[in-house]
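The next block holds one structure in the form of structure tokens; read it before the comments.
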Amino acid sequence: MKIYTIKLITSILFVSLLLQGCTDLEEETFGSLSPETYYNSEAEALSSVVGVYQSLSQVASIGDPWRVAEFGTDEFLVPGRASGGWFDQNNIDIMNHVVDPTNATTGRAWQNIFQEIGIANAVLESLQASPNSANLTALIAETRALRAYGYFYAMDFWGNVPLVTVARIDPNNLPTLTPRAEVFAFIESELLAAIEDMPSVTTVSRASYYPRFTKESIYALLATMYLNAEVYTGTPKWTEAVAMCDRIITTGSYALEPTVLDNFKATNKQNFREVISSFSISPSNNAGGNQFINYTQNGLDQLRYNLPFAPANGYSTYQEALDRYEDQDVRKSLIQYGPQFYLDGVTPLAYPDGTQLNLIAVNDLISAEDNEGYKVLKYTPVGTSWSGANGDNDLVLTRYADILLIKAEALLRGGTTTIADTPLNLVNQVRARSNASALASVTLGDIENERAREFIWEGHRRRDMIRFGSYFTSTWTFKTTQTERFRGIYPIPQEQRTANPNLGQNPGYPN
């Protein structure tokens, strides 16, 4: 596998990167080279595009935008600890659906996302200005797709956002909010244009091209957008969602891994069966790091897994998430609850005083004890190499299982296909892989629950709950009241509105 390290932007451009959203106009200098003296080869150009991937990985898989996508759902919480650790009122407000424009967590998520967009704009301008641009068509398309991905997250979280496609903003012409439906149309047009110049998974060496986006990566994003189009624009696009799934399915290049866990092992860097898009992680080469284990596991797991660090005992899940699984469902084994043991399954995992660790549901959101909070072993530490607290498990963005369940839902909602698939068959394929009981019939509620089981902590749940309506109508531990509909999008951060008076506020929030 190729490891693309992040040497990129530090030696290539003069740019201002929108590092504070769309309003920090102070220029950052990244070196003395220009497009006229760089990008003489595809390899030189790719070294810059890699940086956009790195920035997107922080948006989609582990940074504050990922946390913003998970906080507020019935599968993810981070309680404050009795020791004083982890308490953050900003996060608790997201969990309780009472976010206001001053929320620091959503504010950082905005900055992260628009940083990715700003980097993509800068790289895209540089690629297009290069004398060698005619030979960089595929990389230009790839960068347009990466920028569109950033805008997808912005549209998903805030609905109405500034639409900026230049690396430098005119301080005398600051951007305004673009309506959500127009942002959707922009993203769609950018992705459809990019697809034309990007390779298919069927035409590249997957081992050497990994983990870069292919046409199928973009079809997967379009499938997700079309599945949620009614939320984003008011107009459903079920058949369009099915069509994007069919383009992936008919390549014959993807299938379900034998177990869900296979997708998240460090050793999966050379397995290309199910993962459609992911981010390559190599902390020993200064190319990212996976800190799920550090953020999630109890400190005693340092002993269980022989880790070079003591995990911070933060990320946890609810009783409601655990209760979705049948006992024989293999996916349930990824949630750690009850008495804990070493890997032999016999020796109790115990504190120094001999008390066995017994993980229970969180009882106190503000001052939880050390053993409160079930853990999701999303990225296994077994077989993982470490650089400090950073593991080398690649971060998964899109899997084939998602395509099967998107198609099932879109068909059930009224979409059509020329392929002889039924929603029931598609859902049962996913269930069979994990030894869950086959369904005799399938409803939309079944599909929502199946997505929750299959994609726990993969950043889908908030979007799914909004689409199905359960984000507003359901209650669960600590979230005991229904949610106003306007909270389906977050407020524009106040710091952005202070910096740019042209930005308005989303409906329902204080102006």
Side-chain angles (χ1 to χ4, degrees), residues 70-71 73-88 91-92 95 259-262 264-266 290-386 388-391 393 434-436 452-453 456-457 476-478:
E70 287 289 347
F71 280 135
T73 73
D74 58 0
E75 70 176 23
F76 185 81
L77 76 161
V78 178
R81 293 291 170 184
S83 62
W86 284 107
F87 175 79
D88 189 330
N91 297 339
I92 290 172
M95 293 180 227
T259 72
V260 170
L261 181 61
D262 290 337
F264 303 96
K265 295 177 179 178
N290 187 326
Q291 290 208 345
F292 266 90
I293 294 299
N294 181 34
Y295 291 147
T296 301
Q297 299 303 116
N298 188 279
L300 287 179
D301 278 313
Q302 182 175 21
L303 304 176
R304 174 165 28 192
Y305 298 111
N306 192 29
L307 301 174
F309 59 93
N313 196 23
Y315 298 170
S316 304
T317 196
Y318 289 101
Q319 184 72 45
E320 287 86 347
L322 176 65
D323 289 345
R324 288 194 185 98
Y325 298 93
E326 299 172 294
D327 286 342
Q328 82 279 6
D329 191 325
V330 174
R331 296 169 296 193
K332 188 174 185 178
S333 67
L334 300 181
I335 301 181
Q336 295 177 329
Y337 61 98
Q340 298 299 295
F341 299 86
Y342 279 81
L343 293 178
D344 63 10
V346 175
T347 307
L349 184 62
Y351 294 101
D353 66 0
T355 303
Q356 184 177 10
L357 175 62
N358 182 32
L359 295 177
I360 64 174
V362 175
N363 293 314
D364 190 330
L365 191 57
I366 307 300
S367 187
E369 297 298 333
D370 183 73
N371 68 322
E372 291 183 35
Y374 302 146
K375 303 303 182 182
V376 178
L377 202 65
K378 196 71 197 183
Y379 291 90
T380 177
V382 177
T384 296
S385 296
W386 301 96
N390 294 297
N393 310 63
S434 292
N435 198 37
R453 297 182 194 101
I456 188 168
W457 287 18
W476 52 89
T477 308
F478 305 121

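Only this structure's heavy atoms are used, side chains among them; waters, hydrogens and symmetry mates stay out. Note that the coordinates shown come from a computational prediction; the quantities given were computed from them, not determined experimentally.
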- Item | side-chain contact (heavy atoms from CB on, under 4.5 Å) partners for Thr259, two or more places apart |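 Listed in chain order: Leu261, Asp262.
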Is there a donor-acceptor pair under 3.5 Å between the side chain of [X] and the backbone N or O of [Y]?
X: Asn290; Y: Asn393; value: yes
X: Arg453; Y: Arg324; value: yes
X: Trp476; Y: Gln319; value: no
X: Ser434; Y: Ala436; value: no
X: Lys378; Y: Ile456; value: yes
X: Ser385; Y: Gly383; value: no

Just verifying a value: how many Å separate [X] [atom1] and [Y] [atom2], rounded to the nearest 0.5 Å?
X: Arg331; Y: Glu326; atom1: CZ; atom2: CD; value: 8.5 Å
X: Tyr337; Y: Ile360; atom1: OH; atom2: CD1; value: 15.0 Å
X: Glu75; Y: Leu322; atom1: CD; atom2: CG; value: 13.0 Å
X: Gln297; Y: Tyr315; atom1: CD; atom2: OH; value: 12.0 Å
X: Lys375; Y: Ile293; atom1: NZ; atom2: CD1; value: 10.5 Å
X: Asn313; Y: Tyr295; atom1: CG; atom2: OH; value: 14.5 Å

[Y] and [X], any side-chain heavy atoms less than 4.5 Å apart:
X: Asn298; Y: Asn371; value: no
X: Gln340; Y: Leu300; value: no
X: Thr73; Y: Glu70; value: yes
X: Phe341; Y: Val346; value: no
X: Ile335; Y: Tyr325; value: yes
X: Ile366; Y: Pro79; value: no
X: Leu77; Y: Leu365; value: yes
X: Ser333; Y: Asp329; value: no

- Task: Using the side chain to side chain contact (heavy atoms under 4.5 Å, CB included) rule, pick out the option among Phe478, Phe76, Tyr374 that qualifies with Tyr318.
- Result: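 Only one option passes, and that is Phe478.
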- Message: Strictly by side chain to side chain donor-acceptor pair (under 3.5 Å), give each pair with a member in residues 341-358 just once, sequence neighbours left out.
- Response: Asp344-Thr347, Tyr351-Asp370, Asp353-Thr355
- Message: Tell me whether Asp327 is salt-bridged to Lys332, with the criterion being a basic N under 4.0 Å from an acidic carboxylate O.
- Response: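 Looking at Asp327 and Lys332, the cut-off is met.
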- Query: Under the salt bridge (charged side-chain N to carboxylate O under 4.0 Å, His left out) rule, what pairs show up with a residue in residues 303-315, not counting sequence neighbours?
  - Reply: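 Of all non-adjacent pairs touching residues 303-315, those that pass salt bridge (charged side-chain N to carboxylate O under 4.0 Å, His left out) are Asp301-Arg304.
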Closest heavy-atom pair and its distance - [X], [Y]:
X: Val382; Y: Thr380; result: N-OG1, 3.1 Å
X: Glu372; Y: Asn363; result: OE1-N, 2.7 Å
X: Val362; Y: Ala368; result: CG1-CB, 4.4 Å

- Message: Apply side chain to side chain contact (heavy atoms under 4.5 Å, CB included) to residues Phe87 and Arg81 and explain how you reach the verdict.
- Response: CA-CA 7 Å; Phe87 175 79; Arg81 293 291 170 184; over 6 Å; no
- Residue from Phe264, Trp457, Tyr305 passing ring-ring contact (aromatic ring centres under 6.0 Å, His included) with Tyr379: Phe264
